[in-house]
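For reference, the structure discussed in these notes is given below.
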Amino acid sequence: MKRLNTQLQEDGCPLELILLIRTLLAACKEISFRVSQGALAGVLGSTLSDNVQGERQKKLDVISNQILKDILSESGYVKAISSEEEDHVIGCNPDGKYLISFDPLDGSSNTDINSLIGTIFSVMHAPQWMEPDDPSAFLQPGTQQVAAGYVLYGPSTMLAMTTGRGTHLYTLDKTHGGFLLTRNNVQVPKETQEFAINTSNQRHWEPCMQEYVADLLAGDQGPRGKNYNMRWVAAMVGDIHRVLCRGGIFAYPWDNREPNKPGKLRLMYEANPMAFLMEQAGGGASTGRGRILEVMPTDIHQRVPVLLGSADEVEACVSYYKD
Ligand code: FDP
């Protein structure tokens with residue numbers, strides 16, 4: 001089986017980016033170990049503080065954030081870090097070539113139930129003009145990502161990653177600590193009969209989304225002419241992994257619970273990396289009103305609606321926004 005290094009070299013990845021990715025993955029291996037220890041590590045449950053998004057932080061969120069921050073800021077490859085768990089950008093090496101954004105532990109409500117969680121990351125070039133603690137340098141559209149992916153802490157620890165030459169899946173071989181290529185150039189099936197959305201929010205969606213999901217639920221009696229099944233892991237990283245592996249659509253649309261929030265999921269460290277992976281795997285990635293990767297960010301913690309998955313299904317969903 002091919003090792004990660006070999007695949008990255010074949011994909012024409014520059015040496016410094018390979019070294020950055022290896023550093024990032026060293027941190028993820030440690031997180032994977034902590035996660036697998038579960039209650040034994042005494043790390044489950046909530047801390048007493050809330051993060052910048054006003055959400056209660058889990059101890060594992062804090063621990064994962066610290067592990068990533070420490071190892072990446074000491075590596076020398078990174079000029080600045082932006083994290084879901086940090087209010088502000090963290091300045092690192094002024095000569096570092098890259099900016100990295102991450103959600104240290106996505107799906108943190110799954111930590112206490114021993115269910116799927118993961119680390120999501122996005123890497124961009126650091127502009128030379130920027131001061132390391134300047135957040136404006138991060139405000140580049142997702143099309144500027146040079147690498148993106150996630151590490152899924154499940155029954156096995158898996159890495160999904162793209163550097164712009166296809167999306168590849170790797171599995172951590174815990175006997176020697178290396179990531180081995182287990183699915184090369186993943187292709188998301190164009191069509192699907194599976195969808196993932198939190199239907200408890202249905203009454204809050206825009207009419208176009210209500211209509212789209214109503215048509216899916218109508219099955220072969222409705223305008224879509226086929227029956228759909230529903231799956232919801234409740235951790236974006238788990239839902240997107242399933243969609244990458246066997247197709248489907250994952251949606252977290254805008255809703256009017258908090259009308260001034262443009263969505264729930266965060267652009268820089270959730271939507272953009274997943275959109276890059278999805279497009280590189282032949283899938284679609286839209287906000288409903290445009291390509292996710294072309295959204296011009298205005299804030300490092302910006303939120304955005306997401307429709308991700310099988311190309312034909314994303315297109316079908318987007319067509320409801322045009323009516
Ligand atoms: P979580 O709040 O548990 O961290 O990142 C946000 C996220 O999880 C996604 O992983 C997940 O898809 C979504 O929120 C679930 O949100 P709902 O509880 O609103 O369905």
Side-chain angles (χ1 to χ4, degrees), residues 28 31 35 43-47 49-65 68 82-86 101-122 148-154 158 160 194-206 209 213 230-245 248-259 261-275 277-278 285-288 292 299-309 314 317:
C28 292
I31 297 170
V35 166
V43 294
L44 300 189
S46 294
T47 61
S49 57
D50 289 350
N51 69 7
V52 61
Q53 325 285 342
E55 294 158 348
R56 184 50 50 101
Q57 283 178 302
K58 297 287 179 184
K59 285 182 193 163
L60 263 179
D61 288 343
V62 179
I63 292 168
S64 307
N65 188 48
L68 284 160
S82 155
S83 161
E84 186 198 8
E85 301 297 338
E86 301 283 339
S101 305
F102 52 76
D103 178 350
L105 213 54
D106 175 65
S108 47
S109 51
N110 275 355
T111 50
D112 291 346
I113 59 165
N114 198 22
S115 190
L116 289 180
I117 44 180
T119 299
I120 310 174
F121 59 90
S122 160
Y150 59 78
V151 177
L152 180 73
Y153 310 115
M158 292 193 72
E194 205 161 70
F195 70 99
I197 189 165
N198 186 342
T199 47
S200 69
N201 297 325
Q202 185 182 13
R203 67 193 182 285
H204 305 294
W205 298 332
E206 290 179 87
M209 203 62 202
V213 173
M230 203 201 82
R231 286 285 181 271
W232 183 248
V233 172
M236 183 192 203
V237 72
D239 282 305
I240 293 296
H241 187 68
R242 183 190 61 255
V243 171
L244 274 182
C245 290
I249 182 167
F250 169 85
Y252 211 114
W254 177 87
D255 65 56
N256 66 14
R257 282 173 297 170
E258 292 177 84
K261 276 192 187 163
K264 172 164 185 188
L265 301 179
R266 277 52 65 103
L267 176 63
M268 309 297 291
Y269 37 79
E270 291 180 321
N272 268 342
M274 295 310 198
L277 287 171
M278 203 55 76
S286 173
T287 64
I292 291 174
D299 184 274
I300 56 169
H301 296 298
Q302 180 170 341
R303 295 170 190 261
V304 72
V306 305
L307 310 171
L308 290 154
V314 171
C317 182

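These figures come from a predicted structure and were not determined experimentally. Both counts, for ligands and for their atoms, begin at 1 and track the order of listing. Excluded from the calculations below are hydrogen atoms, water molecules and symmetry mates; all remaining heavy atoms, backbone and side chain alike, are included.
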ask   = Are Tyr269 and Asp106 linked by a side-chain donor-acceptor pair shorter than 3.5 Å?
value = no

request  = Give yes or no for whether the N/O distance cutoff of 3.5 Å, strictly under, is met between Gly107 and ligand 1.
outcome  = yes

query = At under 4.0 Å between heavy atoms, which part of Ser200 makes contact with ligand 1: side chain, backbone, both or neither?
reply = neither

ask   = Can we say Arg303 and Glu270 salt-bridge, meaning some charged N sits less than 4.0 Å from an Asp/Glu carboxylate O?
value = no

query = Between Arg257 and ligand 1, does any nitrogen or oxygen pair lie at a separation below 3.5 Å?
reply = no

key: Those atoms of ligand 1 less than 4.0 Å from some heavy atom in Arg266   = 5 (O), 6 (C)

request  = State the atoms of ligand 1, each with its element, that fall below the 4.0 Å cut-off from a heavy-atom position in Ser109.
outcome  = 3 (O)

ask   = Do Trp232 and Phe250 have ring centres separated by under 6.0 Å?
value = yes

message = Using side-chain contact (heavy atoms from CB on, under 4.5 Å), reason through Ile249 and Leu308 one step at a time and then give a plain yes or no.
response = CA-CA 6 Å; Ile249 182 167; Leu308 290 154; over 6 Å; no

query = Would you say His301's side chain and Leu267's backbone share a donor-acceptor pair under 3.5 angstrom?
reply = no

query = Numbering the atoms of ligand 1 from 1, which are under 4.0 Å from a heavy atom of Asn198?
reply = 17 (P), 19 (O), 20 (O)

key: Where ligand 1 meets Met236 - atom numbers and elements under 4.0 angstrom, heavy-atom basis   = 9 (C), 10 (O), 11 (C), 12 (O)

ask   = What atoms of ligand 1 come closer than 4.0 angstrom to any heavy atom of Glu270?
value = 5 (O), 6 (C)

ask   = Would you find more than 12 non-hydrogen atoms of other residues, nucleotides or ligands less than 6.0 Å from Asn114 atom CG?
value = no

task = Using distance alone, with no hydrogens and no angle criterion, decide if Ser122 and Asn272 have a side-chain donor and acceptor under 3.5 Å apart.
result = no

note = Among Tyr252, Trp232, Phe250, the residue with a heavy atom nearest to atom 19 (O) of ligand 1 is Tyr252

ask   = Does Leu265 approach ligand 1 within less than 4.0 angstrom via side chain, backbone, both or neither, non-hydrogen atoms only?
value = side chain

